[in-house]
A.B. asks: 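I have a structure I would like to understand better, so I am pasting it below and will then ask my questions one at a time.
These values consider heavy atoms only, across backbone and side chains, with no hydrogens, waters or symmetry-generated copies. Order of the sequence lines sets the chain letters (A, B, ...), proteins ahead of strands, with each chain counted from 1. The structure presented is a predicted model; accordingly, all values stated were derived computationally and were not measured.
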Amino acid sequence: MLVDAAGAEQYRLFERTNVSAESMSFAPLASEPRSQVDDPSSLVMRFGADEPLMMDAGIALAPWQIAYQTYGTLNADKSNAVLICHALTGDQHVANDNPVTGKPGWWLTMVGPGRPVDTDRFFVICANVIGGCMGTTGPASINPATGQPYALDFPVVTVPDMVRAQAALIDRLGIEKLFCVVGGSMGGMQVLQWAVSYPDRVFSALPIATAARHSAQNIAFHEVGRQAVMADPEWRGGRYLTEGTRPSKGLAVARMGAHITYLSEVALHRKFGRNFQDRAAPTFSFDADFQIESYLRYQGISFVERFDANSYLYVTRAMDYFDIAAEHGGSLAKAFKGTPTRFCVISFTSDWLFPTSDSRAIVHALNAAAASVAFVEVESDKGHDAFLLEEPEMFAAARGFIDAAARARGIA
Amino acid sequence: MNLPATLPLTDTASGHRLDFLLVTDMVEPGSRVLDVGCGDGALLSLLRDRKQVDGRGIEISREGVNACLAKGLPVIQGDADTDLADYPDDAFDYVILSQTIQATRQPKVVLEHLLRIGRRAIVSFPNFGHWRVRFELGIRGRMPMTENLPYSWYDTPNIHFCTIRDFVELCRDVGAQMEKAVALNAGGQPMRVTLPWWVWNLLGDQAVFLLKRR
């Protein structure tokens with residue numbers, strides 16, 4: 001997820017937040033994130049030396065593990081499983097309190113009893129991505145060869161790698177075919193990849209606010225974020241965990257920059273305008289005079305408390321490399337040729353990170369491939385983050401699509 | 001003065017619109033159908049239930065798309081004027097344009113796309129040559145309004161009205177072969193095929209054409 005766990009919650013939290021110190025100060029890190037890496041409080045599936053994850057970088061990763069949560073009950077014929085794919089800095093805690101932040105699950109609006117992804121009807125699975133830092137093997141995990149965290153020795157991760165890891169989990173759970181795969185942003189990329197990699201295992205697919213390839217502009221934003229992390233002297237060439245430091249400033253700056261791209265100009269203006277933060281006039285300093293500065297600083301500081309800097313490098317890289325058409329002779333339609341999956345694509349009018357044109361490109365390709373595809377562009381001024389927020393039109397579209405698909409699949 | 005209701009007339013037994021039933025009759029069972037301007041999906045549902053078609057739709061309104069999603073119909077939010085260009089040739093057996101052509105910006109371009117995307121096209125439209133329309137315009141000197149096209153001239157989405165004769169000429173221009181043409185009278189009943197065109201054009205309330213690329 002591009003926004004923090006419970007991004008909406010944080011958005012509201014702003015009212016109670018005042019980060020106006022001249023420089024950003026970071027609290028000593030709790031041990032909680034570290035323990036989640038090694039021994040997550042969620043479920044975890046472990047794969048031994050004889051079950052490597054074959055990665056696009058040409059590495060057979062073993063042993064490895066994938067941390068996940070489930071909600072609801074798998075029915076007798078195992079036909080009601082829904083996989084939720086999280087976005088950039090999300091995790092498996094989609095509908096329960098986050099063990100690190102203590103905040104509510106990041107997609108409670110979409111997933112839960114009576115929600116569009118109804119946990120009373122469906123068996124919902126959400127797994128932390130490979131390369132993540134919430135219990136699935138990633139750069140913060142211990143490299144068995146050295147006894148130290150992998151750091152940059154971890155192979156570069158791709159979206160197909162993430163999906164391959166999820167498929168291994170789904171295999172272990174004894175589920176042949178997923179009823180629905182749902183996700184926004186990077187999660188939407190995984191949804192598309194699922195449909196391309198395992199067309200017969202995906203009955204329906206709901207990619208939201210996403211693209212079939214990452215744009216040059218988006219790669220550029222990611223590169224700025226990575227350079228901010230790597231420019232922090234505390235990063236230590238990626239070996240900060242071994243050396244007992246933490247590139248908090250670099251990661252916070254990366255987050256601040258990225259967070260701007262998740263919002264819209266209109267939303268920023270409405271929320272903050274040019275309002276001053278707890279003062280009536282500018283201080284003629286570089287203090288956070290403006291509310292928007294204070295808000296961004298808060299976003300940066302709270303992010304580093306829960307996220308591993310190297311993981312940030314890896315998951316942003318995975319998005320950069322994502323280009324489905326490139327692996328199919330440059331034709332997106334070819335990638336979807338003959339797909340039996342029914343799709344519903346959703347975009348938001350004010351999303352400039354994954355604009356509607358990106359979604360339309362997916363829809364055109366699916367049409368050309370004679371796939372069953374629905375498409376809705378939701379009117380919203382909240383930018384890319386809209387998919388995590390209260391958007392009744394998105395819920396209506398998702399509910400209509402999922403309910404109709406459930407009828408077609410014979411799920412009560 | 002508003003003219004009496006002309007569209008859409010419903011079949012009292014089934015509750016379906018008569019023009020929809022007529023369109024449904026023209027479609028082979030099990031075919032692939034694209035409904036351009038499909039609204040809430042009523043015609044697509046009818047085609048799915050009665051003809052087991054593999055149906056798709058394009059609809060400009062979000063409410064319409066959501067209604068279609070709830071019916072399990074794969075419908076894309078889009079605009080006939082801009083989005084048809086993205087569909088490949090021969091993608092469908094039938095492309096349907098039901099009571100929509102008069103609302104497009106470029107009816108001729110849209111019609112050409114229909115004939116390119118579908119092996120056949122089915123087009124239905126209100127006949128602007130109907131005697132009551134002529135009466136309104138010719139005698140009363142007012143732009144006609146009906147209960148089902150209740151728009152004033154300045155706020156109507158219907159910007160390209162045509163008569164049956166006009167449409168026949170357009171078909172000739174774009175090289176479309178008319179396989180079937182039906183005019184419905186004000187009662188919604190098909191008019192006798194043996195009647196000459198000018199009678200259809202005068203008494204036909206709406207028309208449904210089944211077209212094929214020449």
Side-chain angles (χ1 to χ4, degrees), chain A residues 116 180 203-208 331-334 336-337 339-349 356-357 359-380 391-411, chain B residues 30-45 47-49 52-96 113-114 116-119:
Chain A
C180 193
F203 183 77
S204 61
L206 186 50
I208 304 173
S331 162
L332 193 55
K334 254 184 215 156
F336 292 115
K337 193 169 168 29
T339 180
T341 304
R342 43 166 79 198
F343 293 82
C344 178
V345 178
I346 300 178
S347 71
F348 298 90
T349 50
T356 290
S357 55
S359 284
R360 284 205 181 273
I362 297 166
V363 171
H364 294 159
L366 287 167
N367 268 330
S372 170
V373 54
F375 168 66
V376 185
E377 183 188 30
V378 174
E379 182 91 39
S380 167
E391 288 287 354
E393 278 185 7
M394 171 181 70
F395 301 143
R399 189 185 294 276
F401 173 73
I402 290 170
D403 286 354
R407 285 197 300 276
R409 184 84 171 112
I411 304 170
Chain B
S31 49
R32 278 178 54 79
V33 174
L34 175 67
D35 185 359
V36 180
C38 62
D40 65 0
L43 176 57
L44 276 175
S45 305
L47 286 165
R48 182 179 59 183
D49 297 345
Q52 293 76 47
V53 304
D54 181 5
R56 308 292 157 80
I58 301 178
E59 169 57 28
I60 202 162
S61 80
R62 202 169 290 113
E63 302 71 41
V65 174
N66 279 341
C68 291
L69 279 174
K71 293 185 175 98
L73 298 167
V75 168
I76 290 162
Q77 192 181 346
D79 184 341
D81 272 303
T82 54
D83 295 352
L84 290 176
D86 299 317
Y87 284 79
D89 296 353
D90 294 313
F92 292 93
D93 297 314
Y94 300 89
V95 182
I96 297 170
H113 277 309
L114 299 191
R116 177 185 65 78
I117 297 165
R119 291 195 299 109

A.B. asks: Any side-chain heavy atom of Val376(A) sitting closer than 4.5 Å to one from Leu69(B)?
C.D. replies: yes
A.B. asks: Measure distances from Val75(B) to the heavy atoms of chain A and classify the residue's part below 4.5 Å as side chain, backbone, both or neither.
C.D. replies: backbone
A.B. asks: If I measure from the heavy atoms of chain B, does Ala368(A) come under 4.5 Å with its side chain, its backbone, both, or neither?
C.D. replies: both
A.B. asks: What pair of heavy atoms forms the shortest contact from Tyr87(B) to Asn367(A), and how long is it?
C.D. replies: OH-ND2, 3.1 Å
A.B. asks: Taking side chain as C-beta onward, heavy atoms only, is Arg360(A) less than 4.5 Å from Asp83(B)?
C.D. replies: yes
A.B. asks: Go through the atoms of Arg399(A) and report whether side chain, backbone, both or neither lie under 4.5 Å from a heavy atom of chain B.
C.D. replies: neither
A.B. asks: Are there over 12 heavy-atom neighbours, none belonging to Lys71(B), within less than 6.0 Å of that residue's NZ?
C.D. replies: yes
A.B. asks: What closest approach, in Å, do Gln77(B) and Glu377(A) show between heavy atoms, and which atom pair accounts for it?
C.D. replies: OE1-N, 2.7 Å
A.B. asks: Chain B: which of Val378(A), Asp403(A), Ile402(A), Val345(A) shares the most heavy-atom pairs with it under 4.5 Å?
C.D. replies: Val378(A)
A.B. asks: Roughly how far, to the nearest 0.5 Å, is CD of Glu379(A) from CZ of Arg62(B)?
C.D. replies: 5.0 Å
A.B. asks: Which residue out of Ala374(A), Ala404(A), Ala408(A), Ala396(A) racks up the most heavy-atom pairs below 4.5 Å with chain B?
C.D. replies: Ala374(A)
A.B. asks: Determine the option with the most heavy-atom pairs under 4.5 angstrom with chain B, choosing from Ala371(A), Ala405(A), Cys344(A), Ala333(A).
C.D. replies: Ala371(A)
